[in-house]
Amino acid sequence: DSGVTQTPKHLITATGQRVTLRCSPRSGDLSVYWYQQSLDQGLQFLIQYYNGEERAKGNILERFSAQQFPDLHSELNLSSLELGDSALYFCASSVGGGAGVPTGELFFGEGSRLTVL
Amino acid sequence: DAKTTQPPSMDCAEGRAANLPCNHSTISGNEYVYWYRQIHSQGPQYIIHGLKNNETNEMASLIITEDRKSSTLILPHATLRDTAVYYCIVRLFTGGGNKLTFGTGTQLKVEL
């Protein structure tokens, strides 16, 4: 158990819909990272938040957005869903990740499996 | 982040040492080598990291060459539960936005 909690574990929805994935980081961790893993793409970095502020952005589509709340949990919002958005979405957390702060290792949750039909 | 090169797959007999190589010839002086693994669709798991000295923990050992252009992850007594994709990643230890950039990794298959 990494200490990172993701909900829901599984989600099935239709094209055009919107979903929200939730992540609770390990106690004391300030950074949250979101990754997408689809069969043909491997693990792709989407976005990172550190203590409520966006810190780094990767290959995140404009239809996707994320935020980190004052209690440090994070949500990833996926809208106008397409078949190609079907994937495992992982959240990770680390103690650091801010400017000049050692990141520490990343701890990953078990993922949310999204199926778009 | 420096690019890494790993063999796509390796086999290992249970109980034997598994030695997983990684080339990172463009690594810079302040970049660390990290290893993670992912067991069939589970979340990736941190294994070990190092800068230039050899490192050992309860999971594995990391051997980094003197010129730091390559490294080897050693699982001393592989078990069936070590079957996974192993990722070698090079990145800075500090700095904002220290994401991990995953490559394709090495699929390690441990067999009886």
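Note that the coordinates shown come from a computational prediction; the quantities given were computed from them, not determined experimentally. Reminder, nothing fancy here: chain letters follow the sequence lines and each chain counts from 1. Scope of the values below: all heavy atoms of this structure, side chains included, with no hydrogens, waters or symmetry mates.
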Take atom [atom1] in [X]; do more than 12 heavy atoms of anything else shown fall under 6.0 Å from it?
| X | atom1 | answer |
| --- | --- | --- |
| A/Glu62 | CD | no |
| A/Arg63 | CZ | yes |
| A/Glu53 | CD | no |

Is it true that [X] and [Y] fall in one hydrophobic cluster, defined by side-chain heavy atoms closer than 4.5 Å?
| X | Y | value |
| --- | --- | --- |
| B/Tyr46 | B/Phe102 | yes |
| B/Met10 | B/Leu112 | yes |
| A/Tyr33 | A/Leu88 | yes |
| A/Leu46 | A/Leu72 | no |
| A/Tyr89 | A/Ile60 | yes |

Counting N and O atoms only, with roles assigned by atom type, does the side chain of A/Tyr35 sit under 3.5 Å from a partner on the main chain of B/Leu100, one being a donor and the other an acceptor?
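It does hold such a pair.
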Quick one: pull up CG in A/Leu43 and OG1 in B/Thr104 and give me the separation to the nearest 0.5 Å.
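Reported to 0.5 Å precision, the distance equals 11.0 Å.
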Can you tell me how far OH of B/Tyr34 sits from CG of A/Leu106, rounded to the nearest 0.5 angstrom?
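The OH atom of B/Tyr34 is 9.0 Å from CG of A/Leu106, to the nearest 0.5 Å.
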Chain B heavy atoms under 4.5 Å from A/Gln37: which part of the residue, side chain, backbone, both or neither?
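For A/Gln37, the contact with chain B is made by the side chain alone.
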Do any of residues 107-117 of chain A come closer than 4.5 Å to chain B, heavy atom to heavy atom, and if so which ones, in number order?
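Hits under 4.5 Å: A/Phe108, A/Gly109, A/Glu110, A/Arg113.
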For the residue pair B/Gln42 and A/Phe90, establish whether any side-chain heavy-atom pair is separated by less than 4.5 Å.
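A side-chain contact is absent here, since even the closest heavy-atom pair is not under 4.5 Å.
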